[in-house]
Amino acid sequence: MAAKKDTLPMNMEQDTEPTNNITYANEVVSIIAGLAAAEVEGIAGMCNVSGSILSKNRNITKGVKVEIGTEEASVDLYIIVEYGTPIQKAAQDAQESVRKAIESMTGLHVVRVDVHVQGVSFEKENKTALEAGKDTAALAAPEAPKVEAKTEEPEAPKTEEAPKAEDAPQEAADDAEEPQA
């Protein structure tokens, strides 16, 4: 057998540039952004660009559009806000939550998070009303007064008794004794 030659150079220079790259699929960053946005209080769900509404538990990547560079990311969120929630606060909370989640999990710098409010959801208000035992129709119409039924026994009808035969001559005698004027 032939002797193996070392092909390594005698002087080793350190490589100052990293040759290892990590790339993220758009779907991965979309999932991270969608989950972070769905956890924000006041956001009812996501909505895709065409406007069809998706609940929080459905495919959350449909309401997220992501552009990824080598070191940066840009995100567009299409959200539905719960009725009664200040929209400005919900949008800012979503921006901050998405930015933190993407930066901490991927190391990418998030350049921008644009929030597009596509609608307002009334589901939470309706659920609260139903849980309280009222439906939306009952909220609109006033409640009818309750009538209580009496449980007393009905009284027997009063009948006038006919004078007895033996009382009749006495009444005539009483009438005769009175002086007439």
- request: Start with the C-alpha gap between Val120 and Glu82, add the side-chain angles, then the distance that decides, and say whether side chain to side chain contact (heavy atoms under 4.5 Å, CB included) holds.
  value: CA-CA 6 Å; Val120 177; Glu82 292 175 354; over 6 Å; no
Anything under 3.5 Å between a donor and an acceptor, one on a side chain of residues 86-94, the other on a protein residue two or more places apart or in another chain? List them.
from  : atom 1 : to    : atom 2 : distance (Å)
Lys89 : NZ     : Asp93 : OD2    : 2.9

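- In summary, of the residues considered (Glu72, Glu71, Glu67), a side chain to side chain contact (heavy atoms under 4.5 Å, CB included) with Val111 occurs for Glu72 alone.
- A donor-acceptor contact shorter than 3.5 Å is absent between the side chain of Thr85 and the backbone of Val81.
- Between the NZ atom in Lys65 and the OH atom in Tyr78 there is a gap of 5.5 Å [rounded to 0.5 Å].
- Across every non-hydrogen atom of Val113 and Gln95, the tightest pair is O-NE2, 2.9 Å.
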field: Evaluation steps, side chain to side chain contact (heavy atoms under 4.5 Å, CB included), between Leu77 and Asp114
entry: CA-CA 6 Å; Leu77 296 175; Asp114 293 334; over 6 Å; no
field: side chain to side chain contact (heavy atoms under 4.5 Å, CB included) assessment of Val64 paired with Met46
entry: CA-CA 8 Å; Val64 182; Met46 306 295 277; 3.6 Å; yes
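- Distance CD1/Ile43 to CD1/Ile79: 4.0 Å, rounded to 0.5 Å.
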Just distance, no hydrogens or angles: give the donor-acceptor pairs under 3.5 Å from side chains in residues 97-108, sequence neighbours left out.
from   : atom 1 : to     : atom 2 : distance (Å)
Ser97  : OG     : Ala36  : O      : 3.1
Arg99  : NH1    : Val110 : O      : 3.1
Glu103 : OE2    : Val110 : N      : 3.1
Ser104 : OG     : Lys100 : O      : 2.9
Ser104 : OG     : Ala101 : O      : 3.2
Thr106 : OG1    : Ile102 : O      : 2.6
Thr106 : OG1    : Leu108 : N      : 3.1

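- The minimum heavy-atom distance linking Ile68 with Tyr24 is given by the pair CD1-O, 3.8 Å.
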field: Stepwise side chain to side chain contact (heavy atoms under 4.5 Å, CB included) check, Asp76 with His116
entry: CA-CA 7 Å; Asp76 286 304; His116 306 274; 3.2 Å; yes
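- For the pair Cys47 and Ile80, the tightest heavy-atom approach, listed with the atom from each and the gap, is CB-CD1, 3.8 Å.
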